[in-house]
Each structure stands twice: as structure tokens, then as C-alpha cells.
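So you know, we letter chains A, B, ... as the sequences are listed, proteins then strands, and number each from 1.
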4 protein chains.
Amino acid sequence: MAEPRSPQTSRRSERSRRAILDAALELVAETGSGKLTIEAIAARAGVGKQTIYRWWPSKAAVLFDSFLALSEDAGGIALPDTGDLEADLKQVMRAKVDELNDPRYDLPSRALAAESQNDPVLAAELTAKVLEPQLAAYEERLRSARRAGDIAEGTDLRVALELLVGPLHHRWMLRTRPLTHAFADAVVEMVLRSLAPPAR
Amino acid sequence: MAEPRSPQTSRRSERSRRAILDAALELVAETGSGKLTIEAIAARAGVGKQTIYRWWPSKAAVLFDSFLALSEDAGGIALPDTGDLEADLKQVMRAKVDELNDPRYDLPSRALAAESQNDPVLAAELTAKVLEPQLAAYEERLRSARRAGDIAEGTDLRVALELLVGPLHHRWMLRTRPLTHAFADAVVEMVLRSLAPPAR
Amino acid sequence: MAEPRSPQTSRRSERSRRAILDAALELVAETGSGKLTIEAIAARAGVGKQTIYRWWPSKAAVLFDSFLALSEDAGGIALPDTGDLEADLKQVMRAKVDELNDPRYDLPSRALAAESQNDPVLAAELTAKVLEPQLAAYEERLRSARRAGDIAEGTDLRVALELLVGPLHHRWMLRTRPLTHAFADAVVEMVLRSLAPPAR
Amino acid sequence: MAEPRSPQTSRRSERSRRAILDAALELVAETGSGKLTIEAIAARAGVGKQTIYRWWPSKAAVLFDSFLALSEDAGGIALPDTGDLEADLKQVMRAKVDELNDPRYDLPSRALAAESQNDPVLAAELTAKVLEPQLAAYEERLRSARRAGDIAEGTDLRVALELLVGPLHHRWMLRTRPLTHAFADAVVEMVLRSLAPPAR
DNA sequence: CGTTAATCGAGACGGTACGTCGCGTCTTCCC
DNA sequence: GGGAAGACGCGACGTACCGTCTCGATTAACG
């Protein structure tokens with residue numbers, strides 16, 4: 001998707017590329033992903049439809065690259081390691097909450113989530129390029145905590161990870177309850193309690 | 001949706017209703033939700049398009065009712081209370097895992113999840129009619145456990161609930177890892193560890 | 001073309017049919033056949049493109065039916081038989097000249113002529129439905145004249161026919177010289193001279 | 001068209017020029033003029049599109065030059081003057097019939113005829129460069145015949161000309177009947193009968 | 001128990017968007 | 001500077017579905 005198909009990349013118009021990605025984000029923010037059309041993107045970007053079809057295989061792929069560009073603009077997630085695991089996790093989980101509540105990210109994310117259900121390739125790409133790098137950063141922090149003795153030795157870090165992230169994702173997707181810092185804190189506390197090494 | 005709208009329900013053709021719901025499920029299973037069209041449903045069901053539009057406001061509503069019918073056929077999830085909280089939770093979580101892995105449920109569920117992102121009304125309906133009743137059953141079991149002293153007094157049951165359910169949902173939606181009984185068990189064990197009342 | 005293909009003719013919207021034929025004629029008169037597009041016809045007629053494609057196989061077919069409707073509105077060509085062959089022929093040939101010079105007929109005719117070169121089916125249809133009936137009327141008049149002794153017995157009427165009509169068509173198509181009544185008269189006179197029965 | 005436009009003709013690649021004209025003829029023979037595209041010509045000729053646009057103003061102009069090249073290869077039609085007018089005319093008319101029946105000329109001719117209807121400039125060019133020279137040759141032969149007393153004094157040679165040529169053109173364009181030597185002969189005979197000087 | 005009005009299958013209709021083709025212009029790199 | 005290559009903005013193509021709207025032909029409730 002980032003490097004989709006074949007034509008000569010050297011001749012590609014960077015101007016058009018940016019205009020398309022920007023237009024896609026704007027439109028998804030304005031109208032919701034359901035009403036997003038290739039024609040609207042092309043019109044907004046001042047670009048021929050063919051220029052989109054030349055470089056991206058589907059609307060979802062455009063959206064994906066738009067989202068990647070957005071994430072890059074914002075820089076990666078900083079995962080601090082101050083030694084205080086609970087504080088570190090709460091900080092990053094709160095930041096995640098803020099991001100999920102930010103319409104700038106929320107709407108494209110929902111659009112991509114919707115498209116992913118019908119497009120396994122997109123889903124795999126999303127997981128590989130966006131989700132897993134983040135999870136890997138989390139896991140690294142947990143591993144460091146395990147080395148430091150803050151977490152029981154035998155802990156399956158991958159499960160612990162999903163215990164942290166799953167509930168946030170669940171609330172965001174299903175909108176069952178408001179997604180707040182308090183909730184993030186509560187999740188972190190509960191999970192850490194279950195990870196605590198046996199009292200000596 | 002479940003209670004659609006206006007015309008004289010008495011005159012409604014039950015034959016057509018079933019044919020439409022069945023056709024929708026078949027088509028979603030065959031082609032994926034993205035390619036599901038009203039026209040295809042009507043053709044497959046041997047029904048005029050107007051008969052669909054008369055009784056349902058949208059494609060998503062048809063899918064929703066199809067899904068409800070499917071769930072009813074299978075009966076609700078029984079939440080046992082044997083007194084052994086861990087065993088009870090593992091049983092029901094494993095059952096959930098099996099359901100999520102069953103293509104019969106998997107594809108329509110994904111279709112509904114996708115539609116929900118663009119249709120807040122559907123999302124609310126789904127939550128209210130399908131998700132929350134299940135969660136309520138879980139919560140009731142946890143409450144009973146708290147009364148029995150298996151869970152610490154101050155526990156926020158809602159958060160505990162989402163700690164259980166969130167990770168499963170996360171794996172299902174994002175397909176990061178296979179969704180297995182072992183994972184369900186691990187989640188239950190971890191969560192219960194964090195809920196345990198302080199040792200006396 | 002007049003009866004092109006399949007859908008249920010009973011349900012056909014006469015209103016749309018007329019609007020399409022009228023729009024086609026208007027547009028061909030305004031912009032010339034080269035710039036005539038199905039989209040423009042549909043827009044002008046206030047009609048969906050599919051309604052055109054449902055009933056006609058091609059742009060040329062629409063134009064053909066438009067032209068037929070135009071001809072019907074104007075009524076058939078009256079071929080008088082006053083007994084004076086030269087007068088009768090001059091009258092009808094002058095009328096033909098006027099028609100070829102009338103932009104109302106000229107532009108659609110040229111458009112059809114152009115399309116016919118690439119569409120043998122259209123060409124055959126044009127010949128069979130429009131041209132041959134006219135030629136048959138001419139031929140009948142010549143036959144009557146032959147019976148009356150105004151034309152030599154052995155004359156090949158078909159060749160005579162094309163000797164009359166061919167030069168007019170040639171000037172019209174190739175625009176080599178202005179197409180006037182005088183030219184029509186001259187053609188008639190020359191041809192009749194060649195058809196005259198041997199002097200006794 | 002024959003003298004296209006501006007750039008430095010000295011630098012022009014003769015190789016490309018021939019390839020383009022040949023490709024145009026081949027394609028028009030294969031696919032019919034309706035499907036002839038500049039891109040196809042460029043691809044077939046192994047030439048950049050710009051090279052075509054640099055030297056010709058339109059697809060029709062390319063076709064026109066292709067046709068001219070074809071005619072030059074074959075050499076002009078010789079109009080004999082043996083003293084026997086009827087024999088001379090029959091010879092040349094039969095040759096014309098053969099040419100019109102030769103697919104090598106037929107298809108490009110039809111293509112040009114079609115284009116001419118929408119492109120008055122092309123039409124004028126065709127008439128001036130191709131048609132009128134031929135007609136002038138015919139007319140010259142008729143004039144010679146009039147001098148020789150084979151044709152009545154007052155005859156309008158131009159009309160006589162079109163009486164000869166019009167019927168052939170009519171049959172070719174409209175395909176009403178097969179275009180044969182017999183038809184050519186019949187036309188010549190009829191026309192000459194009408195041109196005959198008054199019996200003395 | 002026949003009348004009658006609503007629902008039904010069918011599908012034509014005015015539209016919107018699709019993904020493709022070709023246009024004529026432009027830009028890049030090569031000879 | 002001409003030429004091969006081909007990306008670009010654009011406009012039209014012919015198709016797929018949308019949601020609305022007629023059409024008879026059932027069909028179920030009411031008179």
C-alpha cells in the first residue's frame with residue numbers, strides 16, 4: 001500500500017500525492033467514511049481519478065496511507081521508562097485515550113476499522129504497520145519491568161498486553177461507556193495487580 | 001429495526017420475511033459484507049425490492065434482524081453459577097471463543113461491526129439489544145461472586161467485565177493472534193488474580 | 001433499433017422516450033454529431049443514463065430513432081403523378097434539395113451518415129427503413145411513366161433512379177457545389193433525355 | 001495537413017513519419033475507423049504520442065496523410081483519350097469501381113468520409129486535394145469530347161460529371177446494391193445517351 | 001362469502017459512483 | 001532540439017445499485 005504497484009515511481013507527482021491524502025482525510029472528517037468516494041477525493045484534490053487508481057488499488061488503501069501520513073506527522077508514541085511502571089503505563093494509556101477521543105484520529109480510524117472487516121489485506125497491513133509496532137513498544141516496557149522484578153516471572157507478556165489494550169479498544173469500538181482517563185487508570189491498576197510478583 | 005416501522009403488520013408475509021433474512025445471511029457468508037446489496041438479497045429471496053424497503057430502513061437493519069434471528073435459533077448463552085467462579089467464567093469465555101471462530105457468526109458479526117462504524121443508530125441498537133444483555137449476565141455472575149467473597153469488596157465490576165471481554169474482542173477484530181481456549185483461560189486467570197480479595 | 005431489445009415494453013415510459021429523442025435532435029443541431037454524448041442526452045432529457053442504455057444499443061441507434069420520429073412528424077414524401085413526368089420529378093427533387101438544405105434534417109443526417117460508416121447494422125437499417133422506401137416511390141413513378149410511353153421500354157429503372165438521386169447525394173455529402181433547385185432541374189432534364197423512347 | 005504546421009521540418013524523423021502513417025492504415029483496416037485512437041497509432045508505430053501531436057493537428061489529419069501516401073504509392077488514375085469517349089469512360093469508371101471495392105482503399109475512405117462530416121476543414125481539404133483533381137481530369141475528357149462533337153454543344157459539363165460520378169458514390173456510401181462493372185457501364189451508357197448531340 | 005384494499009413480485013425510473021479508456025498537455029531523460 | 005515514454009487533469013464511457021415509483025396478481029380482513 002505504501003509502495004502499491006508498478007508505474008515509474010520516479011515520475012510520480014508529489015504534489016498530487018499529498019493533495020490526495022489530505023483530501024481523503026478532510027472528507028472523512030467531514031462526511032464520515034460511509035460517504036467517502038474516490039470521485040470526491042479526486043475533485044477535492046484537484047486531481048484526475050486515474051491518478052488515484054494508478055497508485056492505489058482501493059479507497060481503503062488511500063485512507064490507509066492518509067492515516068500513516070497523519071501518524072508520521074504526529075511522531076511516534078513515546079514509551080517512557082522512568083522505573084515507575086504504573087505511572088509510565090498510565091501516562092501512555094491516557095495518551096491513547098486522548099488520541100481515540102480526538103476526532104482527527106477517531107474518524108479515519110473508524111473508517112479503516114470498517115474497511116478492514118471486508119478487506120483482509122488491509123487488515124493485515126494495518127496490524128503490521130500500525131498496531132504491532134505500538135504493541136511491541138508496550139511489550140518491551142513490560143519486559144523491562146519483569147527484569148526489574150515488578151512483574152511476576154512467569155507472566156505471559158502478550159496476554160498482559162492485550163489485557164491492557166483490549167478494554168480501551170472495546171470501549172472505543174462499541175461505545176459502551178465514555179472513554180476516560182479514569183477508565184485507563186482503573187485498567188492499569190487492575191492489570192498490574194494481577195501481574196504483581198508473589199509477595200515475599 | 002427489530003420493531004421496524006409502520007405498515008399493517010398483520011398483512012405481512014412471514015414467508016417473505018424469512019426468505020429475506022435467510023438470503024441476507026447466505027449472501028454475507030458467500031460474498032462478504034462489502035458486496036452485499038439489497039438487489040441481491042431481493043433476487044435471492046425471490047422478493048420485490050419494495051418488500052424489503054417497506055419493512056426495513058436500511059441494509060444494516062436487515063442484517064441486524066438476520067443476526068438476531070440467528071442468535072435466537074441458537075438460544076442465549078447460559079451463564080452458569082456453580083459456585084466455582086473461575087470454572088464458570090472459563091466455560092462461558094470458551095463458548096464465546098467458539099462462537100467468534102464459527103464462520104456462521106463470524107461473517108455477519110464483522111459485517112455488522114463494519115456497518116456500525118457508519119451508522120450510530122445501528123451501533124446503539126446492537127449494543128442495547130445484543131451486547132449489553134450479555135454483559136449484564138456476566139456482571140450478575142461477578143456480583144454474585146463478590147457477595148460470596150471470591151472478589152474484593154471494592155471492585156468495579158464494570159471494569160472487571162471489560163477486562164474479561166475486551167481482550168477477546170480485540171483479538172477477534174484485529175486478528176493479531178489466533179483466538180483460542182488457552183487464551184480465554186489465560187485471560188480469566190489473570191483477571192481473577194487481580195480481583196482476588198486481599199489475603200487474610 | 002425501433003424495436004431494439006428486450007425489457008417489458010409495456011412498462012416503458014413514453015415521456016422519457018420522447019424526451020430522449022428530442023434531446024438527441026436538439027444536441028446534434030447545437031453541437032454537431034461529433035460532440036454528441038449519451039451523458040449530454042440524458043442530462044438534457046432529464047433522464048438516467050441507464051434508461052437510454054436499456055432501450056437503445058448505441059448512440060447511433062438513438063440518433064436513428066430520433067431521425068425516424070422527425071421524418072414521421074413531417075409525413076412521408078408525396079410523389080405526385082400528374083402525367084407530366086418531368087414536372088413531377090422536378091417537384092420532388094426540388095423538395096429533396098430543400099430538405100437537404102434544411103439544418104433540421106441536414107445535421108442529423110450527416111451525423112447518421114458518419115455513424116453508418118462504422119456501424120454496418122445501422123447502415124443497413126437506414127437503407128431499409130428510410131432510403132429504400134423513398135427510392136421505391138420514385139421507381140414506381142418511373143414505372144408508371146414507362147407504361148405511359150414516356151420512357152424507353154428496355155430502361156433499367158434502378159439505374160435511372162440512381163442517376164437521379166446519386167448526383168444530389170454527391171453534392172450534399174461532398175459539398176463540392178451549392179445544392180440548388182437549378183441543379184435538381186438540370187439533373188432531371190439530363191436524365192429524362194437519356195430515358196426518352198426512340199423517336200418515331 | 002499535408003503541410004502540417006511549424007516545427008523545424010529539417011529535424012523531422014522520416015522513420016517516425018512513415019511508421020505513423022503505416023500504423024494508422026493498418027489499424028483502420030483492422031478495427032474500423034471508429035476504434036482508431038491516437039494512443040493505438042503511437043503504440044503500433046513505436047512512437048511517443050507527442051510526436052504525432054507535434055506534426056498533425058488531429059487524428060483525421062493523420063488519416064488523411066496516410067491516405068494520400070497510399071494514393072501516391074498507387075499513382076494517379078490515368079484518364080485516356082483514345083477518341084472513343086464511351087470506351088474511355090467505361091475504363092476509368094470500372095477502375096474506380098475496383099478501387100472502391102478494394103478493402104485497402106475502402107476502409108480508409110469510409111473513415112475519412114465519416115470524419116469529414118464533423119470536420120469541415122478536413123472535408124474541404126479532401127475535396128480540394130483528392131476529389132477535385134480527379135473530377136477535373138474527367139471534365140477535361142468531356143470537354144475534349146464536346147470539341148470533337150461527341151457531346152451536344154450546350155452541355156453543362158459539371159452536371160454531366162456528377163451524373164457519372166454521383167451514382168457510383170451513392171452505391172458505395174449507401175451500399176444499396178453491389179457496385180459492379182455492369183453498373184458502371186450502364187451509368188456511362190445512359191449518361192452518354194443524354195449528352196448526345198441532336199441527330200442530324 | 002364476496003369485496004376491497006394492502007402487500008406482494010417485478011422491474012422501470014432518475015440518480016450517483018464506479019473503474020476504464022482515450023484525449024491533449026506536460027515533463028523527463030536519451031540521442 | 002527531436003523523440004520515446006508515460007504521468008497528468010479531464011471527460012465520457014457502460015455498469016452496478018441506490019431508493020422511489022408504478023404495475024397487475026394475490027391475499028387476508030371486513031362487511
S.K.: What do the steps show when you test C/M173 against D/Q117 for side-chain contact (heavy atoms from CB on, under 4.5 Å), and what is the final call?
M.R.: CA-CA 8 Å; C/M173 276 242 82; D/Q117 299 308 318; 2.6 Å; yes
S.K.: Rounding to an integer number of Å, can you tell me how far A/R17 CZ sits from F/dA7 P?
M.R.: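 One finds 17 Å between P of F/dA7 and CZ of A/R17, rounded.
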S.K.: The side chain of C/Q8 is closest to which nucleotide in this list: F/dG3, E/dG11, F/dG9?
M.R.: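 Closest nucleotide among those given: E/dG11.
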S.K.: Base, sugar-phosphate alone, or nothing: which one does C/S10 contact when heavy atoms must sit under 4.0 Å apart?
M.R.: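 No contact at all - C/S10 keeps every heavy atom at 4.0 Å or more from the nucleic acid.
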S.K.: Whether C/W56 contacts F/dG14 is assessed here as follows: a side-chain N or O lying under 4.0 Å from the phosphate OP1 or OP2. Is that the case?
M.R.: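 No, C/W56 has no side-chain N/O under 4.0 Å of OP1/OP2 on F/dG14.
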S.K.: I'd like to know if D/E115 and D/R110 make a salt bridge, using a cut-off of under 4.0 Å between side-chain N and carboxylate O.
M.R.: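 So D/E115 does not pair with D/R110 through a salt bridge.
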S.K.: Does the side chain of D/K49 come within less than 4.5 Å of D/R54's, by heavy atoms?
M.R.: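 They are not in contact (no side-chain heavy atoms under 4.5 Å apart), so the answer is no.
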S.K.: Would you indicate, yes or no, if F/dG3 has its OP1 or OP2 atom less than 4.0 angstrom from a side-chain nitrogen or oxygen of D/R54?
M.R.: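 Indeed, a polar side-chain atom of D/R54 lies that close.
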S.K.: So which one's nearest nucleotide on DNA chain E is more toward 5', D/K35 or C/E14?
M.R.: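 Between the two, 5'-proximity favours C/E14.
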S.K.: Below 4.0 angstrom from OP1 or OP2 of E/dA12, is there any side-chain N or O of C/S16?
M.R.: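 It does not, given that no N or O in the side chain of C/S16 lies less than 4.0 Å from OP1 or OP2 of E/dA12.
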S.K.: With sequence neighbours left out, what residues match D/R15 under salt bridge (Lys or Arg N to Asp or Glu O under 4.0 Å)?
M.R.: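 Result, salt bridge (Lys or Arg N to Asp or Glu O under 4.0 Å) vs D/R15: none returned.
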S.K.: List for me each residue that meets salt bridge (Lys or Arg N to Asp or Glu O under 4.0 Å) alongside D/K59, sequence neighbours excluded, and say none if there are none.
M.R.: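 Scan of D/K59 (salt bridge (Lys or Arg N to Asp or Glu O under 4.0 Å), adjacent residues dropped) gives none.
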S.K.: Quick check on DNA chain E: between C/G46 and B/G48, whose nearest nucleotide comes earlier from the 5' end?
M.R.: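 Here B/G48 is the residue nearer the 5' end.
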S.K.: Nucleotides 18-25 of chain F: which of its N/O atoms have a protein N/O under 3.5 Å away?
M.R.:
{"unit_1": "F/dC18", "atom_1": "OP1", "unit_2": "B/I38", "atom_2": "N", "d": "3.0"}
{"unit_1": "F/dC18", "atom_1": "OP2", "unit_2": "B/I38", "atom_2": "N", "d": "3.1"}
{"unit_1": "F/dC18", "atom_1": "OP2", "unit_2": "B/E39", "atom_2": "N", "d": "3.1"}
{"unit_1": "F/dG19", "atom_1": "OP2", "unit_2": "B/Y53", "atom_2": "OH", "d": "2.8"}
{"unit_1": "F/dG19", "atom_1": "N7", "unit_2": "B/K49", "atom_2": "NZ", "d": "3.3"}
{"unit_1": "F/dG19", "atom_1": "O6", "unit_2": "B/K49", "atom_2": "NZ", "d": "2.6"}
{"unit_1": "F/dC21", "atom_1": "N4", "unit_2": "B/Q50", "atom_2": "NE2", "d": "2.3"}
{"unit_1": "F/dC23", "atom_1": "O3'", "unit_2": "C/R11", "atom_2": "NH1", "d": "3.3"}
{"unit_1": "F/dC23", "atom_1": "O2", "unit_2": "C/R11", "atom_2": "NH2", "d": "3.2"}

S.K.: Within the structure, does a side-chain N or O atom of D/W55 lie under 4.0 Å from either OP1 or OP2 of F/dG2?
M.R.: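 The answer is no; no side-chain N or O of D/W55 sits under 4.0 Å from OP1 or OP2.
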S.K.: Think D/T51 has a side-chain N or O under 4.0 angstrom from the OP1 or OP2 of F/dG2?
M.R.: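 No, outside the criterion.
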S.K.: Could you pull out all residues at least two apart from C/R11 that satisfy salt bridge (Lys or Arg N to Asp or Glu O under 4.0 Å)?
M.R.: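 Applying salt bridge (Lys or Arg N to Asp or Glu O under 4.0 Å) to C/R11 gives none.
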S.K.: For A/I52 and F/dC10, give me the distance from atom CD1 to atom C1', rounded to whole Å.
M.R.: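 It works out to 13 Å between those atoms.
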S.K.: Taking it one step at a time, do B/W56 and B/L21 satisfy side-chain contact (heavy atoms from CB on, under 4.5 Å)?
M.R.: CA-CA 11 Å; B/W56 289 276; B/L21 299 182; 3.8 Å; yes
S.K.: Do C/R44 and C/E39 touch side chain to side chain, with heavy atoms closer than 4.5 Å?
M.R.: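 They are not in contact (no side-chain heavy atoms under 4.5 Å apart), so the answer is no.
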S.K.: Five pairs at each end of the helix from E/dC1-F/dG31 to E/dC31-F/dG1: take the axis at both ends and give me the angle between them to 10°.
M.R.: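 About 10° separates the two local helix axes.
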S.K.: Can you check whether B/V47's main-chain N or O pairs, donor with acceptor, with B/T51's side chain at less than 3.5 Å?
M.R.: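 A pair under 3.5 Å: no.
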S.K.: Can you list, in residue-number order, the parts of residues 23-32 of chain A that come under 4.0 Å of DNA chain F, counting heavy atoms only?
M.R.: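 Contacting residues: none.
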S.K.: Take atom CZ of A/R18 and atom P of F/dC8, then tell me their distance rounded to the nearest Å.
M.R.: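 So the two atoms are 16 Å apart, to the nearest Å.
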S.K.: Quick one: C/R12 CZ to E/dG14 C1', roughly how many Å, whole number?
M.R.: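 It works out to 16 Å between those atoms.
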S.K.: Determine whether a donor-acceptor pair (N or O, by modelled atom type, separation under 3.5 Å) exists between the side chain of C/S33 and the backbone of C/A111.
M.R.: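 No, C/S33 side chain to C/A111 backbone: no donor-acceptor pair under 3.5 Å.
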S.K.: Quick one: are B/V130 and B/L68 in side-chain contact, heavy atoms under 4.5 Å?
M.R.: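 Result yes, sub-4.5 Å side-chain heavy-atom pair found.
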S.K.: To the side chain of A/V47, which of F/dG9, F/dC8, F/dA4 is closest?
M.R.: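 Out of F/dG9, F/dC8, F/dA4, the nucleotide with an atom closest to A/V47's side chain is F/dG9.
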S.K.: Do B/R12's NZ or CZ and the ring of B/W55 fall within the cation-pi criteria of under 6.0 Å and 45°?
M.R.: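 Yes, B/R12 sits over the ring of B/W55.
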